[in-house]
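These numbers were taken from a predicted model, which means no experiment stands behind them. So that the names make sense, note that chain A is the first sequence line, chain B the second, and so on, each numbered from 1.
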2 protein chains.
Amino acid sequence: MKWDTLEEEPCSLARTVAVIGDRWSLLILRECFLRIRRFDDFQASLGITRHLLADRLKKLVRFGVLRKIPYQEAPKRYEYILTQKGLDLYPIIMSIVHWGNVHMVDARGRPLLHEHKTCGKMFDPVMVCSECGEPLSAKAVHVHPGPGARKSSPVHASARERAKRAAEST
Amino acid sequence: MKWDTLEEEPCSLARTVAVIGDRWSLLILRECFLRIRRFDDFQASLGITRHLLADRLKKLVRFGVLRKIPYQEAPKRYEYILTQKGLDLYPIIMSIVHWGNVHMVDARGRPLLHEHKTCGKMFDPVMVCSECGEPLSAKAVHVHPGPGARKSSPVHASARERAKRAAEST
DNA sequence: ATTGACAGTTCTAAAATAGAACTTATGGTC
DNA sequence: GACCATAAGTTCTATTTTAGAACTGTCAAT
């Protein structure tokens with residue numbers, strides 16, 4: 001698969017993976033949420049090569065996740081800040097951090113704790129249904145093809161079934 | 001950075017990225033949640049090379065996200081199913097899909113719709129605080145170093161500040 | 001005039017990935 | 001018994017991506 005076709009796939013996961021699905025992008029975004037904004041700061045705190053960092057920042061700007069804002073003239077310098085589209089990635093970041101907290105911590109415990117300013121308590125993120133407010137689990141969800149689905153091959157048909165249909169239609 | 005050191009970083013995001021942070025792993029997991037279980041089915045529905053698929057499945061098994069279950073003897077054949085650790089990735093998958101639904105759909109609309117069996121309605125996932133139940137936003141959260149934090153350099157200190165401290169301490 | 005900060009760009013070597021063919025074990029068909 | 005198909009990989013070479021380090025261009029301060 002060519003990765004530049006990924007963003008055109010009829011799948012919201014694939015399109016999002018086109019934006020954040022490489023090893024560095026999520027780490028760069030973590031730094032953004034921790035208030036890192038400048039090239040050399042990203043480079044120093046991540047240890048990413050300057051080449052790759054320049055490339056990834058360019059990509060995130062192209063996708064509208066980050067915006068380049070000048071913070072001084074002469075010489076012109078920019079910093080990278082999250083757009084609303086970028087801020088909307090927060091639930092992704094938080095659910096990734098939470099999974100790591102539950103399944104990947106060592107004996108010393110969590111590297112970070114999160115306080116909810118609204119209620120003042122340390123919390124974990126919980127994913128709930130927008131309609132009834134109940135916590136979500138994979139088994140309680142049923143998937144339907146939407147208006148943007150691929151016509152002839154619903155994503156939830158198994159490859160085996162599709163292969164069979166293809167064979168019959170020849 | 002060497003990617004095999006990523007899982008030892010004192011950061012739950014980095015450790016999770018070590019598991020799911022490459023382009024294919026998330027797509028493979030999407031197929032798992034859509035009930036794909038067998039090697040050739042993954043290969044056919046994703047178009048991934050067999051080499052890479054074998055490698056990624058091995059990695060996901062090693063991390064305890066998938067389990068290899070025999071479904072026939074002679075010749076011995078296995079299928080890959082999600083463990084509880086793997087099922088717990090569901091909020092990550094859902095928040096990625098949701099971001100794509102909001103920010104990456106084309107004119108035709110969403111490829112998939114999700115129905116919550118519990119309440120019978122089409123829904124979106126919402127991330128809320130485990131303590132007060134309010135929806136979460138990046139700005140309402142404050143980060144503290146936890147017991148597993150790196151001693152001398154809290155993750156939220158900027159690279160600039162750290163560089164300054166390092167310079168002063170020499 | 002030299003030094004240092006910042007934001008990149010350029011270079012080569014090493015690693016990962018794509019794409020296709022091959023392997024092993026078994027069961028069914030002519 | 002020879003031949004074909006299925007399933008789950010493995011092996012091979014060519015291409016692409018990434019790592020690591022050095023270099024460039026602007027400007028300010030010494």
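A donor and an acceptor atom, one from each side chain of H51(B) and T49(B), are nowhere located under 3.5 Å apart. Using a 3.5 Å distance cut-off with no hydrogens or angles, the side chains of E115(A) and H144(B) do pair a donor with an acceptor.
Taking a 4.0 Å limit (strictly below) on heavy-atom distances, residues 20-29 of chain B reaches DNA chain C at W24(B). Non-hydrogen atoms lying under 4.0 Å from DNA chain C are contributed by A74(B), P75(B), R77(B), all within residues 73-80 of chain B.
With rounding to whole Å, L57(A) atom CG is found 16 Å from dC6(C) atom P. Atoms CD1 (I36(A)) and C1' (dA7(C)) sit 16 Å apart, rounded to a whole Å. In this entry the distance linking CG of L53(B) with C1' of dA18(C) reads 14 Å, nearest Å. Atom-to-atom, CG of L52(A) to P of dG20(D) comes out at 10 Å; the value is rounded to the nearest Å. Rounded to whole Å, atom P of dT10(D) lies 14 Å from atom CD of Q43(B). Between the P atom of dA7(C) and the CG atom of D41(A) lies a distance of 8 Å, rounded to the nearest Å. Whole-Å rounding puts the K58(B) NZ to dG9(D) C1' distance at 8 Å. Protein atom CD1 of I48(A) is 13 Å distant from nucleotide atom C1' of dG8(C), rounded to whole Å.
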Between the protein and nucleotides 19-23 of chain C, list the N/O to N/O atom pairs that are separated by less than 3.5 angstrom.
unit_1  : atom_1 : unit_2 : atom_2 : d
dG19(C) : OP2    : M1(A)  : N      : 3.2

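Side chain of Y71(A), nearest nucleotide from dA19(D), dC6(C), dT17(C): dC6(C).
Residues passing the side-chain contact (heavy atoms from CB on, under 4.5 Å) test with H103(A) are W99(A), K85(B), D88(B), sequence neighbours excluded. Evaluation of the side-chain contact (heavy atoms from CB on, under 4.5 Å) rule for V17(B) yields L26(A), L6(B), L13(B) as partners, not counting sequence neighbours. With sequence neighbours excluded, the residues that form a side-chain contact (heavy atoms from CB on, under 4.5 Å) with P75(A) are Q72(A), R77(A). Looking at residues two or more places apart in sequence or on another chain, you find no salt bridge (charged side-chain N to carboxylate O under 4.0 Å, His left out) involving K139(B). Residues satisfying the salt bridge (charged side-chain N to carboxylate O under 4.0 Å, His left out) test with R50(B), not counting sequence neighbours, are D40(B). Scored by the salt bridge (charged side-chain N to carboxylate O under 4.0 Å, His left out) test, D124(A) finds R110(A) as partners (sequence neighbours excluded).
Comparing the end axes of the helix from dA1(C)-dT30(D) to dC30(C)-dG1(D), each fitted to five base pairs by superposing C1' atoms of four pairs onto the next four, gives an inter-axis angle of 20° (nearest 10 degrees).
The structure places CD of E8(A) at 10.0 Å from CE of M104(B), a figure rounded to the nearest 0.5 Å.
Members clustered with M122(B): L113(B), by chain and number, using a 4.5 Å side-chain heavy-atom cutoff among hydrophobic residues.
Using a 4.0 Å cut-off between charged nitrogen and carboxylate oxygen, R38(B) and E79(B) count as a salt-bridge pair. Using a 4.0 Å cut-off between a side-chain N of Lys or Arg and a carboxylate O of Asp or Glu, R15(A) and D106(B) qualify as a salt bridge.
Ring centroids of Y71(A) and Y78(A) are separated by 6.0 Å or more, keeping the two rings apart.
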Could you go through residues 59-66 of chain B and list every donor-acceptor pair under 3.5 Å that involves a side-chain atom there, pairing it with any protein atom two or more places apart or in another chain?
unit_1 : atom_1 : unit_2 : atom_2 : d
K59(B) : NZ     : V19(B) : O      : 3.0
K59(B) : NZ     : D22(B) : OD1    : 2.9
K59(B) : NZ     : S25(B) : OG     : 3.3

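Residue K68(B) has a polar side-chain atom (N or O) positioned under 4.0 Å from OP1 or OP2 of dG9(D).
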